[in-house]
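Reading through the structure tokens given below for one structure.
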Amino acid sequence: MTNEHQSAVLAFPPAEPTAMAIAMYDKLCYHTDAWDVAQDLTNGIADIVVIDTRSFEHYCAGHIPGAISLPHKEMTPERLAELDTTLIYIAYCDGIGCNGSTKGAWKLASAGLKVKELLGGLDFWRRDQHPIQTGEQMGSLESAETVACGC
């Protein structure tokens, strides 16, 4: 008996394992997820700075505790020159329907800064049930109880 159906998955064969490993490593160099960021903020990792690339009004309405407000529209060369080149910046916006974090990450990287983009932005942060800080205060997750990762 023959199968008359063609595989949609296998229409494009998988990459060779070495090529796949390189591609997945590269992906991890460009992006991070909410759980990893929450863990680092909880553990007080000083090498990262989380940047909310949305407007200040949206930042005040709710942001990741510990994040700074630096809207991508305000990322001028002069403003970016003030940032510490030894740190890793994590850019985020509302979520997958918004490219503010992509624009912010591009501007940060173009200014010579090391940056990763937060997958799913604030939307995925909330879906993972991490706390939200409101108002102008940065807030903090240091030593906070975090939600366990399901993966």
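Each residue takes its place number in the sequence, starting with 1.
- A donor-acceptor pair is defined here as one N or O able to donate and one able to accept, closer than 3.5 Å; no such pair exists between the side chain of Y59 and the backbone of P71.
- In the hydrophobic cluster analysis, where Ile, Leu, Val, Met, Phe, Trp and Tyr join through side-chain heavy atoms closer than 4.5 angstrom, I132 is grouped together with L141.
- Residue pairs that meet the side chain to side chain donor-acceptor pair (under 3.5 Å) test with at least one member in residues 111-136, sequence neighbours left out, are S101-E117, T102-E117, D123-R127.
- Nearest heavy atom pair, residue P131 against residue P65, reads O-CD, 3.2 Å.
- By the 4.5 Å heavy-atom criterion applied to side chains, K103 and M75 are not counted as neighbours.
- In this structure, M20 places its CE atom where only 12 or fewer heavy-atom neighbours from other residues, nucleotides or ligands lie under 6.0 Å away.
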Query raised in the report: So L80 and L70, side-chain contact (heavy atoms from CB on, under 4.5 Å) or not? Walk me through it.
Result: CA-CA 10 Å; L80 295 176; L70 183 53; 4.2 Å; yes
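- Note that CE of M138 and CG of D52 are 11.5 Å apart. Values are rounded to the nearest 0.5 Å.
- The environment of I96 atom CD1 is sparse: at most 12 non-hydrogen atoms of other residues, nucleotides or ligands sit within 6.0 angstrom.
- Hydrophobic clustering, with ILVMFWY side chains joined whenever heavy atoms are under 4.5 angstrom apart, groups I88 together with V37.
- Proximity of a side-chain donor or acceptor of H72 to a complementary backbone N or O of A105 within less than 3.5 Å is not detected.
- With hydrogens and angles ignored, the 3.5 Å screen pairs no side-chain donor or acceptor of N43 with any backbone N or O of I45.
- Hydrophobic clustering, with ILVMFWY side chains joined whenever heavy atoms are under 4.5 angstrom apart, keeps L118 apart from L108.
- When hydrophobic clusters are built by joining Ile, Leu, Val, Met, Phe, Trp and Tyr residues whose side-chain heavy atoms come closer than 4.5 Å, directly or via intermediates, V49 is not grouped with I64.
- In the hydrophobic cluster analysis, where Ile, Leu, Val, Met, Phe, Trp and Tyr join through side-chain heavy atoms closer than 4.5 angstrom, I90 is grouped apart from I68.
- More than 12 non-hydrogen atoms from other residues, nucleotides or ligands lie less than 6.0 angstrom from NE2 of H31.
- Annotation: side chain to side chain donor-acceptor pair (under 3.5 Å) contacts involving residues 15-30, sequence neighbours excluded, are absent.
- Just one residue in the list T53, L119, V50, I51 forms a side chain to side chain contact (heavy atoms under 4.5 Å, CB included) with Y92, and that residue is V50.
- Atom CG of L41 and atom CD1 of I48 lie 4.5 Å apart (nearest 0.5 Å).
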